[in-house]
Every structure is written in structure tokens, then in C-alpha cells.
Amino acid sequence: MAARKTPKTSRNPDLIRGVGKYSRSKMYHKRGLWAIKAKHGGVFPRHDPKPQAPAPVEKQPKFYPADDVKKPLANKHKPKPTKLRASITPGTVLILLAGRFMGKRVVFLKQLPSGLLLVTGPFKINGVPLRRVNQAYVIATSTKVDISGVNVDKFDDKYFAKKVEKKKKKGEGEFFEAEKEDKKALPDEKKDDQKTVDAALLKSIEGVPDLKAYLAARFSLKAGMKPHELVF
Amino acid sequence: MPFKRYVEIGRVALVNYGKDHGKLVVIVDVVDQNRALVDARAMVRSQMNFKRLSLTDIKTDIKRVPKKRTLIEAMEKADVKNKWENSSWGRKLFVQKRRASLNDFDRFKIMLAKIKRAGLVRQELAKLKKENAA
């Protein structure tokens, strides 16, 4: 069959749903089935199945369960990252609403493949490092920072994964020693990453008057502020 | 005690409820005890309950139910827009709207400015106190 150039439309328009305009005999004529028959000497062309190599003989399995076991349907669904709110674009100043940095105003860098937002203080201004944050715990303000000088390609969820250590077998005396090594120093590589990201950001932040002090200050609700009436 | 602002043909009123909230309209006719026919440059002439109108001090000189063009000319002649924008009521409304539309960053900048101004005022006050005490 030659490939159809025009999209498949029915030659039989609907009068109303379920009732076509043309009868069976009219449609036979419209579709040109008489012409196909004439071309093949009064009969419809037969397409015999192509000769196939005989399929290999399948042996019966040695064991099968007494009752039929239902197989669950295959789920090929791949999760997408959370839909980003339209008000959050790279460079937006966000207000964190929960966690250790509650109330801090922070610059949004990009959305990671897991859906979380990559965010930085910058660290020098308000102590918030490169961090992941959930969109639900964030207020987006309409203040934007110029983020064009920053390269955030290297950051993804794996960068923030916890380092897994080999577990040692604990004897009784070793319990007290294990508690001592709680805090691990931050690897230098992460400190350098922070510095490079922040260097470009700081330049664009210092270009706007008062923006640095703004990012350093925490947000809080004061008397008379009604959140549903505030414009952020 | 006596009333100063009357409902009359040509009285400019502020709409305080509904779809046209915040608009200045001119009373063009009175329908009955509760309703008036109002009109403005940017709206279709319609009836409105008096409860939705707040009367202002401004009046225009028109006859009952003028044509739209005549109405617009009369409003220009009475200089409704400028009179409103320079009146204290008009200025207050504008400030309210401006405050409501402030950004979080704007509010921060205003806070800094207020602190600065208060600091300057206190400096001057301290100076004056010292002069007086001396």
C-alpha cells in the first residue's frame, strides 16, 4: 500500500453521531471498491500470509503453579519533575518558609531533575549554602537577580546525596567511640563550588542598591500584615 | 450638620462597590429614590444604586442625560481629573493603592528609609534640645 499523503478522513460525513450520510451501497461506490474489483478480474485481491520459517518447538515448563497467578500490568510511567510555578524563574528571590533557614531570602538557581529547587544564599550574605528546597515551602517574590554569569550545569541530585560509608561491626566498647565522629568536615570541592557560584551572583547583587541588605535580612510577619493581601 | 454634597445632575461620585470599584462617575439622571443613571468616559452609561456611590465635592455643569460627547467636554471643562487628583481624598486613595501594590523588596526599602528619616529627625531634635538646655 502506498503511504497516504493526506490525513485519514472518512468519506461518509456524520448527519448526527452514529448515522452517516451515505448508505452501504453508496459508500461501496464512493470508496471505489468496484474499481479495485475490476482491476483484479471481479474479485477482491487476496494477500496470502508470507511463508514463515517454522517456529521452534516450545517445551512445556517442568513446573507451574497449581492456581493461575495474575501478572500485574507493566507500568512504564516515568515520573516528571514537579511543575514549576510560573512565578519562579532563574534568579528569583525566594522566601524560605520552613527548616533551618526559615524566613531567609534566597536566590533561585534552577530546578533539579527530582523537582526540588536549587538555591543559594549567597553564602556570604546570609549563610545559606547551595541547597535543595521544596517548591511547596517557598514564597516567590517578584524581585529578580541577574543570573546570567552563573554556571549551574554541574549540580544535580547526585551532588547532594549523602555519602555512604561501610558499616563496621560494633563491639560493646566501640559504641562510645563511634559517637565521637559525628561531624564530618565539608569537602573543599563543595566550598569551591559555593565560591564560584557566589562570585558571579555577588557582582550582580551589588549592582542593585539595598539588595544585599535585603537578602541578609530575614522575613517575618509584623503586626497589620495580612498575607492574603500582601503582594510579594 | 446640614448636608453639603447633594445628589444632582452633574455631581461626580466615586463608585465604592462592584465591578467599577474606584471609578469616578457623573450622575446623569435619577431613576427613582434609590438609583441613579451614571456615566463616565470609559464606561457604558448604566444605572447604579446610590449605596454604591460616594458623593464628592466636584460638580460638572450638564443638562439631564447629555450626549456622551457633551458629557466628556463638560468633564474636561470642570477639570474633574485634576481636581480629584489634587484633592486630599484622591491623594489618599492613590497612596492606599500604592501601598497595597508594594513588593516585598519595596517594603524593605521603605523600612530602611523610615529608619533613616527617624534618625535624622532625632538628630535635629537632640540639637535643638541641647540649644535650649544651654
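Every chain is numbered from 1 and lettered A, B, ... according to where its sequence line falls, protein lines coming before strand lines.
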Whether the side chain of B:Lys81 engages the backbone of B:Glu76 through a donor-acceptor N/O pair (distance < 3.5 Å, no angle test) should be reported. no

Verify, without hydrogens or angle tests, whether A:Thr143 (side chain) and A:Val93 (backbone) share a donor-acceptor contact under 3.5 angstrom. no

Given heavy-atom pairs under 4.5 angstrom as the criterion, report whether the side chain, backbone, both or neither of A:Leu211 touches chain B. both

Against chain B, residues from residues 101-131 of chain A with at least one heavy atom under 4.5 Å, in numeric order, are A:Arg105

So for B:Leu102, is it side chain, backbone, both, or neither that comes closer than 4.5 Å to the heavy atoms of chain A? backbone

I'd like to know if the side chain of A:Lys154 and the backbone of A:Tyr159 have a donor-acceptor N/O pair within less than 3.5 Å. no

Are there more than 12 heavy atoms of other residues, nucleotides or ligands under 6.0 Å from atom CZ of B:Arg99? no

Please answer whether the main-chain N or O of B:Ile58 pairs with a side-chain N or O of B:Thr56 as donor and acceptor at a distance below 3.5 Å. yes

I want to know whether A:Phe232 and A:Phe219 have ring centres closer than 6.0 Å. yes

Determine, for B:Asp20 against B:Lys23, whether the closest basic-nitrogen to carboxylate-oxygen distance falls under 4.0 angstrom. yes

